[in-house]
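Below, chains carry the letters A, B, ... as their sequence lines are ordered, and counting in each starts from 1.
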Number of protein chains: 4
Amino acid sequence: MGRPRDSRVDEAILAATRSLLAESGYAGLTVDAVAERARIGKAAIYRRYATKQEMVFAAAVHSVDLPPPPDTGSLLGDLTVLVQEIVDHVTTPVAAAAIPGLLADIRSSPELAARFRDAFVTVQQAGLAELLGRAVARGELPSSPDVDLVHALVAGPVFATVYLQNRSPDGLAERLGRIVAAALTGV
Amino acid sequence: MGRPRDSRVDEAILAATRSLLAESGYAGLTVDAVAERARIGKAAIYRRYATKQEMVFAAAVHSVDLPPPPDTGSLLGDLTVLVQEIVDHVTTPVAAAAIPGLLADIRSSPELAARFRDAFVTVQQAGLAELLGRAVARGELPSSPDVDLVHALVAGPVFATVYLQNRSPDGLAERLGRIVAAALTGV
Amino acid sequence: MGRPRDSRVDEAILAATRSLLAESGYAGLTVDAVAERARIGKAAIYRRYATKQEMVFAAAVHSVDLPPPPDTGSLLGDLTVLVQEIVDHVTTPVAAAAIPGLLADIRSSPELAARFRDAFVTVQQAGLAELLGRAVARGELPSSPDVDLVHALVAGPVFATVYLQNRSPDGLAERLGRIVAAALTGV
Amino acid sequence: MGRPRDSRVDEAILAATRSLLAESGYAGLTVDAVAERARIGKAAIYRRYATKQEMVFAAAVHSVDLPPPPDTGSLLGDLTVLVQEIVDHVTTPVAAAAIPGLLADIRSSPELAARFRDAFVTVQQAGLAELLGRAVARGELPSSPDVDLVHALVAGPVFATVYLQNRSPDGLAERLGRIVAAALTGV
DNA sequence: AACTAATCGAGACGGTACGTCCGGTCTTGCA
DNA sequence: TGCAAGACCGGACGTACCGTCTCGATTAGTT
C-alpha cells in the first residue's frame, strides 16, 4: 500500500550512476553526486539499494541479458561470437569502470558476491552451455565438457588482457576462439 | 643526513598491512589501523608510501620474484609448474585480498598501474618467455608465440576461477597446463 | 463538500502528540512517530497543522482556559491561587516538555509567536487584570499597576525555578504570592 | 603527547558559531556552516564538542564571568546593577538566539543541563549571594534569604519579559530592582 | 443510484543536517 | 632527520526528519 515507487526515479538513478561511472570511475563515484545529477534525494537511492555497491551493481550489471549466441554452424564460429560478446560488454565504458570495483568490493559481501555471480557469470555460462550442447549435437565434441573450466578459459583471457595487462582486446575474439575450439576438439 | 630510517619500522608496516589484509580485506583496511597495529605513527607510513595503494602494493605484491620455472623437460611440465605458481600466489590470503582491490584502484592511477604491471605481469611473462624459449629449443614449438596472448591464456583462467567464479583452483594447474600446451603445439 | 474530517483523527493526533511529548520530549518528537502512534497518515496531520510546532502547540497549549481565579477575598489569596495555577500548568509533563521547545522555535516564526502569546501570556494576563481590579475595588491597591510587569513578576520566577534552576516549584506559590502582594501594596 | 590542539581553531569555531547564531538563529545553525565559515573540518569541531548543543553552549555561555557586582552602597543599587547585567547579557544577539534553544535542548541531556546550570545559574547566584551578604553586613537585611528564591525573583522576570512576552526589557532593571529590594526588606 | 469532492492510511519524494569515518598532511617533543 | 602521537582539512558515508505528494480506498453530500 501507500504511494508506489516512481519508475522515473529508478531510471534517473541508474542513468546518473552510469554517466558518472563513465566520467569519474568507480572510485570517484559519489552517492551525493548521483542524487544531484538524478535530481532526487539520497533517501530515494537508499530506499532501493542498501549500499553504494548495490546501486553500481544494478546500474552496470543490471540485465546482462546477452542473447543466446546465434548458431553459426560451427563450434569455432559460436565460440568466437561468444568471446566477442564478452569483449564488447567488458569494454563498455560503464562496465569497464564498474567491474574491477565491484570485483574488489564483493569480496567483503558474500550476498552481493552471489548476486554478481548470478547476474554475470551464470548468464555467460548459460550461453556457453547451449553452445557446447550444439557442438555435441553436431558431433564436433564427444560430450559436453566442464562448463566452469571452459568459462574460465573463455572469459579469463579477456579479463587478463583488459584488466591485468591493460591492453586492448582487439582481435582477441578470433584468436581466443580458435585456441579454445582447438583445445576442446583436441586437434 | 640526519637519522636513518629504522628498518624495523619498514617491516612492522608490511607485517601489519598483511595481517590486516587477511583479517579485514582490502576495503576494511585503514591506514590508521595499520599504524596502530604496527605501533608506529602514520607519518612513518606516508614517508615511505605516497598512498594507501602503494603500501598495499608493497605489502602484497612486493617482490614476486618467482624463480625461473625449473626445467621439467617438457612444455607441458613447465607450463603446469608455472600455472601452479600463479595459483599458489593468488590464493595466498594476503594476495587474494589485495589483488582485486589493487586492480580496481590502479584504474585511476596510471603510475601505480604501470608499477603493478611491472611487478606482477612482467615477472610472470619473463618466466613464460623463458619456458617458451626452452620449448622452441627442444623442438616442441616451431617459434615462440605471442607472450601477451599466452600469458592471458595462462593467468586469465586462474583469475576467472578465483575472482569471477569464486571457486577453488584445485586441480586447475594440470588441466590448464594440458589445455594450453595442446593449443600451442596444435595437437 | 466532500468527506468531512473525522474528529477521532483530531483527537488521536493530539493524544499521540501528548503521550510522545511526555515520553520522548520535544526534541525527540517526530511527526512520523505521532502518525504511527495515532495510526493515521502524515497527511492527516499536515491537513490540520502547517508545521510540527503548530501541532505541538495545539496539543500542549491548546485551550489553557484557566478559569478566572476565584475571589478569595484578598489580593494575597488571589495571587497565591493564580501562581499555583501557573505552577500546576507548567509542571504538567506535556507542558514541561513542550514549552521550552516552543519558546525556542517561535523565535523564527513571528506568526506562531503571536499565537503562543495570545494563548498563553494573554490568558494569564487576563486573569491577572481581573484579580488586580478586584484588589483596587477592595481598596487594597490605589490603582491597577502595569499588567506586563506584574505578569513578569508572577510568571517569571516560576519559569526560572522550573526551567533555569531545574528545581521543583513546591511551595513556590505561597512564597511568591506573599512577595508579590507585599511589593504591590508597598508593605 | 602528539600534536596539541590549535587554539586558533578553538577561537575560529566559537567566532563562527557566534556570528552564525546572530545571523541565522539557533534553529538555522548548522555544524557544516560553522565548519565552512571557520574554514576548518567538521572533525575539528566534533573533536571538541560531542554535539551541536555543546558547541553552542561553549560559544554562547562560555565564561559568563560577569564580574562581582560593584558595591553601590545599598541593596537597591546593587540589585539594580545585577539585574541590568542579566538584562545586558540576555539581550546580546548571540545569547538571545542561543538561550531559548539551549533551554529546550538541555531537557533531553541531564549532563548538559548540569553544565548549563553551573555556568549560567550558579554564576549569577554567586554574585547574588555576595550582594546579599553585603546587605546583611550593612544591616539592611536581618539574614541572608534563600538564594534560589531571590535568583528566581531577579532572573525570572527578565526571562518572562524577553522570552515570554517578547518585549524589550528597557527600564526593567530599575523597576525590578526596586520591587525586589522592597520585598526583601519587607518595606 | 450515480457523481463529486474531500477524507483517510500508507508510504515515496526532494532536501537538508546529522555525527562518523578515512585519506593524506602537518605539528608537537623526544631521540 | 626520524619517530610516535595525534590534530588538521576535506569530503563521502548512511541515517533521520521535515513537509509535500501520490496512490487506492472510503465516506459524505449532491444530483
Rounded to whole Å, how long is the line connecting atom [atom1] of [X] with atom [atom2] of [N]?
{"X": "D/R39", "N": "F/dG11", "atom1": "CZ", "atom2": "C1'", "result": "16 Å"}
{"X": "A/R47", "N": "F/dC17", "atom1": "CZ", "atom2": "C1'", "result": "12 Å"}
{"X": "C/Y49", "N": "F/dC18", "atom1": "OH", "atom2": "P", "result": "16 Å"}
{"X": "B/E11", "N": "F/dC3", "atom1": "CD", "atom2": "C1'", "result": "16 Å"}
{"X": "D/Y46", "N": "F/dA12", "atom1": "OH", "atom2": "P", "result": "17 Å"}
{"X": "B/I40", "N": "F/dG6", "atom1": "CD1", "atom2": "C1'", "result": "14 Å"}
{"X": "D/R48", "N": "F/dG6", "atom1": "CZ", "atom2": "C1'", "result": "12 Å"}
{"X": "D/E36", "N": "F/dG10", "atom1": "CD", "atom2": "C1'", "result": "12 Å"}

Residue met sooner reading DNA chain F from 5', once D/V9 and A/K52 are mapped to nucleotides: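 The residue closer to the strand's 5' end, by nearest nucleotide, is D/V9.
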
Contact nearer the 5' end of DNA chain F, comparing C/A50 with B/R5: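 This one resolves to B/R5.
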
Polar pair under 3.5 Å, donor/acceptor by atom type, side chain C/R3, base F/dA28: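 Such a pair does not exist between side chain and base.
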
Working for side-chain contact (heavy atoms from CB on, under 4.5 Å), residues A/I106 and A/F57: CA-CA 10 Å; A/I106 62 179; A/F57 172 78; over 6 Å; no

Candidate nucleotides F/dG19, F/dA12, F/dA5, ranked by approach to the side chain of D/M1 - the nearest: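 Among F/dG19, F/dA12, F/dA5, the one nearest the side chain of D/M1 is F/dA5.
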
Residue closer to the 5' end of DNA chain E, A/G41 versus B/A43 (nearest nucleotide):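 Upstream on the strand: A/G41.
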
5' precedence on DNA chain E between B/T51 and D/A33 (nearest-nucleotide basis):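 Of the two residues, D/A33 wins.
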
Donor-acceptor contact present, side-chain C/T92 to main-chain C/A95, <3.5 Å: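 Side chain of C/T92 to backbone of C/A95, a donor-acceptor pair under 3.5 Å: no, none is there.
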
Flag side-chain contact, heavy atom, 4.5 Å: B/R115 against B/Q53: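 Contact flag for B/R115/B/Q53 side chains = no.
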
Distance, nearest 0.5 Å, that separates [atom1] of [X] from [atom2] of [Y]:
{"X": "B/M55", "Y": "B/I13", "atom1": "CE", "atom2": "CD1", "value": "8.0 Å"}
{"X": "D/R107", "Y": "C/I99", "atom1": "CZ", "atom2": "CD1", "value": "9.5 Å"}
{"X": "B/S108", "Y": "B/D105", "atom1": "OG", "atom2": "CG", "value": "6.0 Å"}

Touch class at under 4.0 angstrom, heavy-atom based, for D/I45 against every strand present: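 Since no nucleic acid heavy atom lies under 4.0 Å of D/I45, the category is nothing.
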
Sugar-phosphate, base or nothing in reach of A/R8, heavy atoms under 4.0 Å: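 Nothing, no nucleic acid heavy atom in range.
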
Opening and closing nucleotides of DNA chain E in contact with chain D, under 4.0 Å to non-hydrogen atoms: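 Under 4.0 Å from chain D, the extent on DNA chain E is E/dA17 to E/dT28.
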
Lys/Arg cation over aromatic A/Y46: A/K52, 6.0 Å, 45° cone: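 Here A/K52 fails the 6.0 Å and 45° test against A/Y46.
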
